[in-house]
Student: 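Handing you this structure, nothing more for now.
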2 protein chains.
Amino acid sequence: MSNPTEVVKTYLLDLQERICAALHAEDGGAGFIEDTWQRPEGGGGRTRVLENGRLIEKAGVNFSHVFGSSLPPSASAHRPELAGRGFEALGVSLVIHPRNPHIPTAHANVRFFNAEKPGEEPVWWFGGGLDLTPYYGVEEDCVHWHRVAAQACAPFGAEVYPRYKAWCDRYFQIKHRNEPRGIGGLFFDDVNQWDFDTSRAFMQAIGDAFIPAYLPIMQRRKDTPFSEQQREFQAFRRGRYVEFNLVYDRGTLFGLQSGGRTESILMSLPPQVRWGYDWKPEPGSAEARLTEFFLTDRDWLGTSENNKDRANG
Amino acid sequence: MSNPTEVVKTYLLDLQERICAALHAEDGGAGFIEDTWQRPEGGGGRTRVLENGRLIEKAGVNFSHVFGSSLPPSASAHRPELAGRGFEALGVSLVIHPRNPHIPTAHANVRFFNAEKPGEEPVWWFGGGLDLTPYYGVEEDCVHWHRVAAQACAPFGAEVYPRYKAWCDRYFQIKHRNEPRGIGGLFFDDVNQWDFDTSRAFMQAIGDAFIPAYLPIMQRRKDTPFSEQQREFQAFRRGRYVEFNLVYDRGTLFGLQSGGRTESILMSLPPQVRWGYDWKPEPGSAEARLTEFFLTDRDWLGTSENNKDRANG
């Protein structure tokens, strides 16, 4: 294969560019600001942030490429035996917090790791995924999101979408709340079961899926009117987002604890957040429906055995 | 000694009562609501929360008494060898988030642990402390806070205040921001260097110090007018408080990960919070002075060797 890092890097920088352009065009207000940064231990990044847009209250779309002399155990889900190897990691990571509570918050990430050890073959793998966090859920949006995710996976095998959909549901659990962060999507790590070009094509398929998965939802909901009370509900729910990211998210914790660039890591945190003691929505309300119906690790495409049984039953 | 748990419990329940009464009287608005709860694995608690008071935006003053069959390693700072023993833990923990940004946020905690193992002597210890997080710092308030803390320690030896003041500075570090959470106070753990009655008296001295340390500051600052822009600064700084509590605070993480009562643990989170990308105050502003002057692990009472040298020099 040609230099794998360069091929991946070219794709990722272009992906960041395309996603920012699409979001900016849709927002129609403030543009992205850019910060490039260097990491003292090696590597750096290109952080792009949009704040106080017309639709987007805060969005970050970050590219980073970092090197290290010792791979942290948290970098690979399944192969702690690689810990301590020299490594490089490249990725694009993004979070969109729209103002309108009818537009969900979205997160996506694609990354490439290469771990080296003198005298041994380098070990490489891809990771990533995308997941959606609605406030006032709409079924057709959830189905659309998962359909685009499933279509991106389809060329790589029928088992790919269900496998990474299930991993996403497992990963984005707020354990102390006993609820998922959102309605999921895809989560994958340690992808090298295919050859390099196929694995890379898979990562690119997921990266490329973000805009077609998210933009139509933004377009459909952006003109839905919202009240101050709905903004308040969004602020309380954003508190859950903060709880997940700061207590459980592997990437966030690894970044903070290993001397990553704090502002690029914490761009994922929502702009305005509330916490209230034992806060819960009225039973039967639109707000209660979020946790009762949407945040239940549903099978949105009706493809699981269970649903097939019910459909046929 | 008489039943140690009963003696400590009687003190703690009374302390909770007295602190709530003093805060409610000062606030003059909303009262505390009370939730008593049982823990399926043993024990329970009495949570008291005041929200939307006249001065207090959110306050929690919690008593808990929990039992377990296996002490988690995080429970004792210095003796991981006790991990796995049966234990009971009693404590009062409180956090006050005032509305007026000229009144600092305050936190205090006192706790008692008893770890048992068949055929061996039980091992007991006390822990706790108090610390202050100003937004618009006032030197006389910081000096007052530390003076009351030092006076509470004085009967137990001249080395006690400097030792636990330094531990507090070390503990409340937001490492990824390279700044302390506030201006400190006291932090202690594993206190059993004295006999039981003396150790208990020390814990009680710290518990009793909270109201005389905090209430005068609240009284002095409660009528200081504040602007929307100052409220915004407070909201951004509260973001740092959330970061510390969710990323680093041992009690919070242990509680959340071990199936504690989520709402009682997270009552410490501020009611309204903001995050902005690379947000920093204007250099030279009152807001910049917080990190430049106040949040620098100062020796507020001028008692360290350094300060003595400077004073005598």
Side-chain angles (χ1 to χ4, degrees), chain A residues 30 32-35 37 47-52 57-62 95 97 174-179 232 235-236 238-249 252-280, chain B residues 30 32-35 37 47-52 57-62 95 97 174-179 232 235-236 238-249 252-280:
Chain A
F32 279 87
I33 59 140
E34 177 177 299
D35 273 343
W37 49 273
T47 292
R48 289 194 180 164
V49 175
L50 187 160
E51 286 183 301
N52 300 313
E57 198 173 341
K58 186 179 171 195
V61 184
N62 298 344
V95 176
H97 291 290
I174 307 174
K175 295 184 195 78
H176 61 272
R177 301 285 186 185
N178 196 25
E179 69 185 31
E232 237 180 61
F236 281 113
R238 283 171 168 178
R240 302 288 209 264
Y241 206 86
V242 173
E243 290 174 25
F244 178 84
N245 286 19
L246 295 185
V247 178
Y248 300 107
D249 187 59
T252 302
L253 294 181
F254 163 65
L256 292 181
Q257 290 167 1
S258 67
R261 183 171 184 266
T262 295
E263 288 298 335
S264 298
I265 300 163
L266 296 186
M267 65 81 190
S268 66
L269 299 181
Q272 297 198 43
V273 185
R274 283 171 178 253
W275 277 275
Y277 173 71
D278 210 11
W279 165 85
K280 355 184 185 337
Chain B
F32 279 86
I33 59 137
E34 178 176 299
D35 273 343
W37 50 274
T47 292
R48 288 192 181 168
V49 175
L50 187 160
E51 285 183 301
N52 300 315
E57 198 173 342
K58 186 179 172 195
V61 183
N62 297 346
V95 176
H97 291 290
I174 306 173
K175 293 183 195 80
H176 60 273
R177 300 285 187 185
N178 196 26
E179 70 184 32
E232 237 180 61
F236 282 113
R238 283 171 168 177
R240 302 287 210 262
Y241 206 86
V242 173
E243 291 174 25
F244 179 84
N245 285 20
L246 295 185
V247 177
Y248 301 106
D249 187 59
T252 302
L253 294 181
F254 164 65
L256 292 181
Q257 291 166 1
S258 68
R261 183 173 184 266
T262 295
E263 288 298 336
S264 299
I265 300 163
L266 296 187
M267 65 81 191
S268 67
L269 299 181
Q272 298 198 42
V273 185
R274 281 171 180 254
W275 277 275
Y277 174 70
D278 209 14
W279 164 86
K280 358 184 183 338

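Every chain is numbered from 1 and lettered A, B, ... according to where its sequence line falls, protein lines coming before strand lines.
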Student: Check whether B/E51 gets within reach of chain A through its side chain, its backbone, both or neither, counting any heavy atom under 4.5 Å.
Tutor: side chain
Student: Could you tell me which portion of B/K175 (side chain, backbone, both or neither) has an atom closer than 4.5 angstrom to a non-hydrogen atom of chain A?
Tutor: neither
Student: Considering only heavy atoms and a distance below 4.5 Å, find which of B/N52, B/I265, B/D35 pairs most often with chain A.
Tutor: B/D35
Student: Not counting sequence neighbours, which residues clear side chain to side chain contact (heavy atoms under 4.5 Å, CB included) with A/N245? List them please.
Tutor: A/R181, A/Y241, A/T252, A/S268, A/L269
Student: Given A/F244 and A/H176, is the ring-ring contact (aromatic ring centres under 6.0 Å, His included) satisfied, shown in steps?
Tutor: CA-CA 9 Å; A/F244 178 84; A/H176 61 272; 9.4 Å; no
Student: Can you say whether B/V49 sits under 4.5 Å from chain A via the side chain, the backbone, both, or neither, judging by heavy atoms?
Tutor: side chain
Student: Measure the spacing between CG of B/L256 and CG of B/L246 and express it to the nearest 0.5 Å.
Tutor: 7.5 Å
Student: For B/W37, give me all partners under ring pair (Phe, Tyr, Trp, His ring centres under 6.0 Å), at least two apart in sequence or on another chain.
Tutor: none
Student: To the nearest 0.5 Å, what is the distance between OG1 on A/T47 and CD on A/E263?
Tutor: 9.5 Å
Student: For chain B, which candidate among A/R238, A/K58, A/M267 shows the most heavy-atom pairs at distances under 4.5 Å?
Tutor: A/K58
